Novice: 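Mind looking over this structure? Questions follow.
Note that the structure is a prediction, hence the values are computed from the model and not measured.
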Amino acid sequence: MIARFLLLILGLSLAACSSFDGRWKSAASSGTATRWEGRWTSHKHQTPSGPAGGRLRAVIEPAPEGKLTAHFHANWQIFSSDYTMTLNPKGASPRRGSGRNFVGTHELPKMFGGTYRYEAQIVDDDFQASYDSSYDTGIFTLRRLPPAKDYASAHAGH
């Protein structure tokens, strides 16, 4: 039974990864979607080498009413997961560059923290966000990739 459960988890992980990878590859030449790459870091959880965290990639697409749809692919050790959330515009833009503030939520099963709340700021090519749930708090730090960046190097080590 454990072997079946592990195979199911592995299969779902691979299917999610290939779905995100298709979106990632398409966004490289999209006129509207942008690709972002960076890290997520937990403020609650520690590993022997420091705060828990890992690689984070995102494809962000414009949505109606000034909203953004963000498709994330997060890595932690040998695990990865995908999720999509809507970033809703919040308040006035920051003074610097073409910055915008957003808020959003993402629902996970209660055992994984339930509702995650996000506050994000995009200024030029930098995406900074904080997240909070009953299970974890932390940050996302991403940088926008140029449209012409080679897909193979961005895909390595997913």
Side-chain angles (χ1 to χ4, degrees), residues 1-25 27 34-61 67-91 94 96-97 99-146 149-158:
M1 184 146 140
I2 291 174
R4 286 183 186 171
F5 176 74
L6 291 174
L7 284 173
L8 174 66
I9 295 298
L10 178 63
L12 291 173
S13 250
L14 292 173
C17 184
S18 64
S19 172
F20 179 85
D21 285 341
R23 181 172 274 119
W24 179 264
K25 187 174 182 179
T34 55
R35 299 182 312 155
W36 300 75
E37 189 169 39
R39 297 196 55 78
W40 67 272
T41 304
S42 171
H43 288 286
K44 275 191 178 179
H45 301 284
Q46 297 288 316
T47 67
S49 60
R55 183 174 184 211
L56 181 65
R57 294 185 297 155
V59 173
I60 300 179
E61 303 166 331
K67 298 176 183 182
L68 297 174
T69 302
H71 307 277
F72 290 99
H73 181 82
N75 293 88
W76 183 69
Q77 295 185 3
I78 63 169
F79 304 102
S80 67
S81 64
D82 295 345
Y83 59 95
T84 298
M85 63 180 278
T86 300
L87 294 169
N88 301 297
K90 176 189 173 192
R96 193 177 116 222
R100 293 171 49 193
N101 296 310
F102 297 91
V103 294
T105 60
H106 181 69
E107 296 295 326
L108 288 177
K110 192 169 187 110
M111 67 186 271
F112 296 116
T115 302
Y116 276 74
R117 292 163 298 286
Y118 300 89
E119 290 198 23
Q121 184 179 70
I122 300 174
V123 178
D124 300 324
D125 292 332
D126 295 313
F127 179 104
Q128 302 286 324
S130 60
Y131 66 89
D132 179 55
S133 77
S134 64
Y135 177 73
D136 196 12
T137 63
I139 59 170
F140 294 170
T141 305
L142 297 139
R143 182 108 176 122
R144 184 189 327 249
L145 297 176
K149 184 170 180 181
D150 177 45
Y151 169 70
S153 66
H155 180 69
H158 83 116

Novice: Locate the shortest heavy-atom distance separating I122 from F102; write the atom from each residue and the value.
Specialist: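 That would be CD1-CE1, 4.0 Å.
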Novice: Check whether any side-chain heavy atom of R55 sits under 4.5 Å from a side-chain heavy atom of E37, and report yes or no.
Specialist: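 Counting from C-beta outward, R55 and E37 do come under 4.5 Å.
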Novice: Which one of Y83, W24, F20, W40 satisfies the ring pair (Phe, Tyr, Trp, His ring centres under 6.0 Å) criterion with F72?
Specialist: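 Passing option: Y83.
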Novice: Flag the pair T34 / F127 as yes when at least one side-chain heavy-atom distance between them is below 4.5 Å, and no otherwise.
Specialist: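 Sidechains of F127 and T34: no contact.
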Novice: Does the distance from a Lys or Arg side-chain N to an Asp or Glu carboxylate O, for D136 and K44, drop under 4.0 Å?
Specialist: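 Between K44 and D136 there is no salt bridge, as every charged N stays at least 4.0 Å from the carboxylate O atoms.
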Novice: Nearest 0.5 Å, what's the CG-CE distance between L68 and M85?
Specialist: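 Taking CG in L68 and CE in M85, the distance rounds to 10.0 Å.
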Novice: Before accepting this row, confirm whether a basic side-chain N of the pair D82/R57 lies closer than 4.0 Å to the acidic partner's carboxylate O.
Specialist: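 Between R57 and D82 there is no salt bridge, as every charged N stays at least 4.0 Å from the carboxylate O atoms.
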Novice: Nearest 0.5 Å, please: how far is CG in N101 from CD in Q128?
Specialist: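 Taking CD in Q128 and CG in N101, the distance rounds to 12.0 Å.
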Novice: Supply the atom-to-atom distance Y118 OH to K90 NZ, rounded to the nearest 0.5 angstrom.
Specialist: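 Y118 OH to K90 NZ: 15.5 Å, rounded to 0.5 Å.
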Novice: What closest approach, in Å, do R35 and P146 show between heavy atoms, and which atom pair accounts for it?
Specialist: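 Where R35 meets P146 most closely, the heavy atoms are NH2-O, 3.9 Å.
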Novice: Please report the closest heavy-atom contact between T47 and A52, naming both atoms and the distance.
Specialist: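 Residues T47 and A52, closest heavy atoms: CG2-CA, 3.8 Å.
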Novice: Please report the closest heavy-atom contact between G113 and Y135, naming both atoms and the distance.
Specialist: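 For G113 versus Y135, the nearest heavy atoms are CA-CB, 3.5 Å.
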Novice: Minimum heavy-atom separation for N75 and S80, please, with both atom names.
Specialist: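 Taking N75 first and S80 second, the nearest heavy atoms are ND2-CB, 3.5 Å.
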Novice: What's the spacing between W76 CH2 and H45 NE2 if we round to 0.5 Å?
Specialist: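 So the CH2 of W76 and the NE2 of H45 are separated by 9.5 Å.
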Novice: Could you tell me the separation between the OG1 atom of T86 and the CD atom of E61, rounded to the nearest 0.5 Å?
Specialist: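 Between T86 OG1 and E61 CD, I get 10.5 Å after rounding to 0.5 Å.
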Novice: Going from CG on L56 to CZ on R39, what distance comes out if it is rounded to the nearest 0.5 angstrom?
Specialist: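 The CZ atom of R39 is 9.5 Å from CG of L56, to the nearest 0.5 Å.
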Novice: Might you point out which heavy atoms bring G38 and L142 nearest each other, and give the distance in Å?
Specialist: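 Smallest heavy-atom distance, with atoms named: N-CD2, 3.4 Å.
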Novice: Does any non-hydrogen side-chain atom of R143 lie less than 4.5 Å from one of D125?
Specialist: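 The answer is yes, as the side chains (C-beta and beyond) meet within the 4.5 Å cut-off.
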